[in-house]
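What follows is one structure encoded as structure tokens, with my remarks underneath.
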Amino acid sequence: MSNKSCFQLSAINLLMRGVAIVMLLGIGFVATAAENEKPQWVPGQPYPPELLDQYPCHSYELECGQLPPPPIEKVEFNEELNGDPDRGEKIAINLRWGNCIACHKLPGHETGSGTVGPSLVDYAERSLPYSYTFQRIWDPRVVNPDAHMPVFGPNRILTKNDIVDVMTFLYATK
Amino acid sequence: MRSYRILVCLLVCSLVQVTSSMAAEMTTKHEYMPGREKAIPHVSGDKEFSNTYQYWKDPESLKKAVDDGLMSHEMNFKDFRWMEKSMEGDMVLEEGLAYFNQENESGKSCASCHGEDGAELKGVYATFPKYNKRVNRVLTGPSQIEVCAKERLQRDDWGPDTRPNSLIAFYVASLADGATINVDTSSEPMAAAYERGRDLYFKRVGQFHYACSSCHTPPTAGNYLRGQRPTTFFGDAAQYPIYHFPYQLAGDDYSYVFTMQHQIRSCQQLSRMYQGKEGSASMTDIEVFIRASSNGYPMSIPVAEYNMNTDYLERNIDQ
């Protein structure tokens, strides 16, 4: 599957899920209108707690307790890496955005960072393929079902552009 | 024309989606982080997870490990936890006692039934949560306090998310200081509550698709998560409720006392999971699991949130 069509697919999938939920509730346009008034998450800002019931949760009573896990998304990446490394760095170190630094040492951020994952300080030197790195960040479950990284892609924590920027930062050689 | 086709397609697709999601509702397959089957309701169960139990299983072992120069992360960060009592915490206990003795309109207080300063409640907090036959529910400490306040003192506003409740819980827990935690999960309905709580603890949820265990088992436990030090789920319940200055849940004032229910919520918030309500069935089950994972460990109250001591961050940690 080409990278592009994969992205289209997931967008339609998301739309369908939205429509299905609205239909399930049986309140069509009312729900859509109310949906629009919901707060939006602005990357870098705290995540509005009231939006979190769209993901699986712990509750026995609420619907989110029965939601299935987000489908595993296998993606490909065969492009040039020409994102914005400065923006990528910002995303990687921002607690409320990419927050890679919580678990990884990053180029230029060797102290104070987390030690949960491997250091990414010399990531560029290891010449790992872009497609591997992109998949790892988009949905690490493809590489390792028990991965400890968030599912950045499937749950829309980072966009494709965001990830390309972070990768451009990681692969940059000073 | 094109948009019409898309609309029809969407309608058909979503119908399929509706029927399939209805079928899915009965048999939803959740994703779990690995390791559930290894958990046992005893603090020594840590051996199966972090291999550090020998360093902190009792005060002597801990002292020896520290003297031997072991680094905090090599001890699964347990060294921070229960050694020192907190003086600020002690002062907050006074506030809890004041609520305990506070008389309602008919001149009754908790002390009317449970003795002066709670003399009859010595040690009981070490056995919570437990099944209360009369109300036919598993109750956490704060939920039992809510039940007593409501039914017996006509105080409807002392629920587990209120300041009086949390401060009383802190006080009642302090009456069990030194008692060995003993949450009895050997029979129903507690056995089932433990298993449900364990499953929730390993279930992947929220925007990040983490489980509680994503952070509270290795490799995350025992490593630095930016400045924070997540550890395994064994032993820590022994210090809850905990004095947690200056951290609060947004909009709440517990006078800086965190019950276990607040801690669970706080972690849910931190990791973008939908927050449960204190005392709800699922939150109670999670607490059963966590507290039973401290069985065999001595309670230590009042202790302050160890995170205040950040000296360790100054040290140079090698991967």
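Here is how names work: the chains are called A, B, and so on, in the same order as the sequence lines, proteins then strands, and each is numbered from 1. Basis for what follows: all heavy atoms, side chains included, without hydrogens, waters or symmetry-related copies.
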Identify the heavy atoms of [X] and [Y] that sit nearest to each other, and give their distance.
X: B:Ser282; Y: A:Ser59; answer: OG-CA, 3.7 Å
X: B:Ala281; Y: A:Glu61; answer: CB-OE2, 4.1 Å
X: A:Asp53; Y: B:Tyr274; answer: N-CD1, 3.4 Å

When you compare the side chain of [Y] with that of [X], does any pair of heavy atoms fall below 4.5 Å?
X: A:Gln54; Y: B:Gln207; value: no
X: B:Arg204; Y: A:Arg141; value: yes
X: A:Pro69; Y: B:His209; value: yes

As an exercise: rank A:Gly65, A:Ser113, A:Pro145 by heavy-atom pairs under 4.5 Å with chain B and give me the winner.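 Looking at each of A:Gly65, A:Ser113, A:Pro145 in turn, A:Gly65 comes out on top.
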
For A:Tyr60 and B:Arg196, what are the C-alpha separation, side-chain angles and deciding distance, and is it a side-chain contact (heavy atoms from CB on, under 4.5 Å)? CA-CA 11 Å; A:Tyr60 299 138; B:Arg196 285 193 306 267; 3.5 Å; yes

Counting only heavy atoms not in A:Glu80 (residues, nucleotides, ligands), do more than 12 fall under 6.0 Å from its CD? no

Find the distance between [atom1] ([X]) and [atom2] ([Y]) and round it off to the nearest 0.5 Å.
X: A:Met149; Y: B:Ser214; atom1: CE; atom2: OG; result: 13.0 Å
X: B:Met273; Y: A:Leu52; atom1: CE; atom2: CG; result: 10.0 Å
X: A:Thr115; Y: B:His73; atom1: OG1; atom2: NE2; result: 7.0 Å

Answer with side chain, backbone, both or neither: which region of B:Asp285 has an atom nearer than 4.5 Å to a non-hydrogen atom of chain A?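 For B:Asp285, the side chain is the part near chain A, not the backbone.
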
Could you tell me which portion of B:Cys215 (side chain, backbone, both or neither) has an atom closer than 4.5 angstrom to a non-hydrogen atom of chain A?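 Neither part.
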
Heavy-atom proximity to chain B below 4.5 Å, by part of A:Pro46: neither

At a 4.5 Å cut-off on heavy atoms, which part of A:Leu67 comes close to chain B: side chain, backbone, both, or neither?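 The backbone, not the side chain.
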
Set of residues satisfying side-chain hydrogen bond (donor to acceptor under 3.5 Å, both in side chains) with respect to A:His58, sequence neighbours excluded: B:Gln268

